[in-house]
Amino acid sequence: MRLAGVENARIEEAFALISRETFLPSPPWTVISMGIGTQTRQVYDLYGNVLVAIDRERGINNGEPALHVAWIHAVSLQPGETVIHVGAGLGYYTAILSRLVEPHGHVEAFEYEADLAAQARRNLQGCSNVTVHSGSAFGRVLPNADVVYVNAGVLSPDVEWLRALNPGGRLIFPWQPHENWGPAVLVKRQANGFSAHSLMRVGFISCSGTTETVPARNLPSESDLAAVRSLWIRSEREPDASAVAVYDQVWFSSEEVRA
C-alpha cells in the first residue's frame, strides 16, 4: 500500500484476508525482484513487492502486489459490481477482486492456459461469486460488466472489452505496442465516448488469442502513448486528425471526450 501510494481500508483488508501462498505452485517458490529469481520455502518471502513464478518456462508470474493495489484503486471497485478478469493465472488477484465486490458482486475470470484455469477453479472454490472460464477473453462477446481488469499485454484493446462496459464502467489494461512494454491505460465509459489516460509504464506477458499486427513504422511513439485522452470504436466513429494510434477496430485520440 505504501509503495503504491494508496490509502484504502477496503483494499488493505482484502489483501490481508487472502493468502498469497494458497494461489501459487507448491514450494520451493521462485520470487523475482529486479529481474533476479531466488528460490525460497519461506512464506514471508512471498509478502514483499515481488513477482512469484507460476511457470518460468512460459513466462507466467503472479504479479507485483503494489502494481495491483494501484490498479484496483484506480478502477474503484464497489460492492455489487461485476468484474471481468482477463488473465486470472492461479486466481490470487481474482480472489481479491471477488472480495472487493462483495456482497452481491460477481467476477467472471478468464485464463487461456487450460492447466492454470483448472487449478484456479480449484483454488477459488471458496469464492462463491467467481466463475472461471478456460479460454481466451479476446475476440469473444462478453457479459456486461462494471470493470474489465486485464492482466495480459495487448497491442490494442479488444473492442468487445469496450462493448461489455456498463455506463460508467472502467477498463484497465496494459497497452504494449513496443515489445512487451507500454502504459497501463485506464478507460472509462462516458455518456459520449470512452475517456482514456495512461497511468504507469508496465510490462506483461502477451495476451493469448490475439491476432492483430501493425507495421513497425505505424507504432505510436512514447509521446503518443502519453497524449492519449480517449478511445473510440471505429464502427461508431472513424479516426480523425486527433488520432495517435489506429487499429482495425479501435483508435486512440489526443482529444478529451466531450461532455
Side-chain angles (χ1 to χ4, degrees), residues 1-75 77 83 85-102 107 109-130 132 149-153 172-174 180-181 184 199-208:
M1 300 289 287
R2 287 193 300 272
L3 286 171
V6 170
E7 292 185 10
N8 184 306
R10 293 181 63 243
I11 296 175
E12 186 171 0
E13 180 185 43
F15 272 82
L17 290 172
I18 306 298
S19 300
R20 194 178 193 186
E21 62 271 21
T22 304
F23 296 88
L24 295 172
S26 299
W29 300 290
T30 300
V31 298
I32 305 165
S33 179
M34 305 296 289
I36 299 172
T38 304
Q39 285 205 324
T40 182
R41 292 182 177 273
Q42 303 301 321
V43 171
Y44 60 74
D45 288 329
L46 305 177
Y47 286 90
N49 188 44
V50 294
L51 299 171
V52 183
I54 292 175
D55 189 313
R56 295 208 75 177
E57 189 171 317
R58 286 182 282 181
I60 301 171
N61 301 310
N62 181 257
E64 293 179 347
L67 178 146
H68 286 276
V69 165
W71 282 30
I72 291 169
H73 183 68
V75 298
L77 284 169
V83 181
H85 186 194
V86 181
L90 294 180
Y92 176 56
Y93 292 109
T94 311
I96 290 171
L97 296 172
S98 76
R99 172 73 64 169
L100 288 164
V101 297
E102 291 178 343
V107 180
F110 289 82
E111 173 49 52
Y112 182 82
E113 302 290 344
D115 59 325
L116 302 189
Q119 184 60 54
R121 193 173 290 114
R122 291 190 289 271
N123 292 343
L124 291 160
Q125 284 179 343
C127 299
S128 60
N129 64 339
V130 175
V132 178
Y149 191 88
V150 181
N151 291 158
I172 193 165
F173 71 97
N180 298 323
W181 69 265
L199 299 182
M200 64 183 72
R201 178 170 166 147
V202 295
F204 275 76
I205 188 172
S206 296
C207 185
S208 299

Measuring from [X]:[atom1] to [Y]:[atom2], what's the distance to the nearest 0.5 Å?
{"X": "H73", "Y": "L199", "atom1": "NE2", "atom2": "CG", "result": "11.0 Å"}
{"X": "I32", "Y": "N62", "atom1": "CD1", "atom2": "CG", "result": "10.0 Å"}
{"X": "H85", "Y": "N151", "atom1": "NE2", "atom2": "CG", "result": "3.5 Å"}
{"X": "T94", "Y": "R121", "atom1": "OG1", "atom2": "CZ", "result": "11.5 Å"}
{"X": "I60", "Y": "E111", "atom1": "CD1", "atom2": "CD", "result": "6.5 Å"}
{"X": "L46", "Y": "S19", "atom1": "CG", "atom2": "OG", "result": "10.5 Å"}

Nearest atoms (heavy-atom pairs only) where [X] meets [Y]:
{"X": "D115", "Y": "R58", "result": "OD2-NH2, 2.8 Å"}
{"X": "S98", "Y": "N129", "result": "O-ND2, 3.1 Å"}
{"X": "I54", "Y": "L116", "result": "CG2-CD2, 3.9 Å"}
{"X": "V132", "Y": "A117", "result": "CG1-O, 3.7 Å"}
{"X": "W71", "Y": "Y149", "result": "CB-OH, 3.5 Å"}
{"X": "I96", "Y": "A14", "result": "CG2-CB, 4.0 Å"}

Parallel, tilted or perpendicular: rings of Y92 and F23 (30°, 60°)
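Rings of F23 and Y92: tilted, as their planes differ by 30° to 60°.
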Candidate list L51, I36, V52, test side-chain contact (heavy atoms from CB on, under 4.5 Å), partner V31, passing option
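Testing each of L51, I36, V52 against V31, the sole residue satisfying side-chain contact (heavy atoms from CB on, under 4.5 Å) is V52.
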W29 vs D45, side-chain contact (heavy atoms from CB on, under 4.5 Å): CA-CA, chis, key distance, verdict:
CA-CA 9 Å; W29 300 290; D45 288 329; over 6 Å; no
Looking at G63, is its backbone amide N or carbonyl O close enough to the side chain of N61 to form a donor-acceptor pair, meaning the two atoms are under 3.5 Å apart?
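Looks like no, no N/O pair under 3.5 Å.
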Checking the side chain of R10 only, and the main-chain atoms of L77 only, is there a donor and an acceptor separated by less than 3.5 Å?
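Yes, R10 side chain to L77 backbone: donor-acceptor pair under 3.5 Å.
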Should I18 and Y93 count as side-chain neighbours, where that means a heavy-atom distance under 4.5 Å?
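No, every pair of side-chain atoms sits at 4.5 Å or beyond.
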Determine whether P25 and L90 make a side-chain contact, defined as any pair of heavy atoms from C-beta on separated by less than 4.5 Å.
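Yes, at least one pair of side-chain atoms sits under 4.5 Å.
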Derivation of the side-chain hydrogen bond (donor to acceptor under 3.5 Å, both in side chains) call for E21 and Y47:
CA-CA 9 Å; E21 62 271 21; Y47 286 90; 2.5 Å; yes
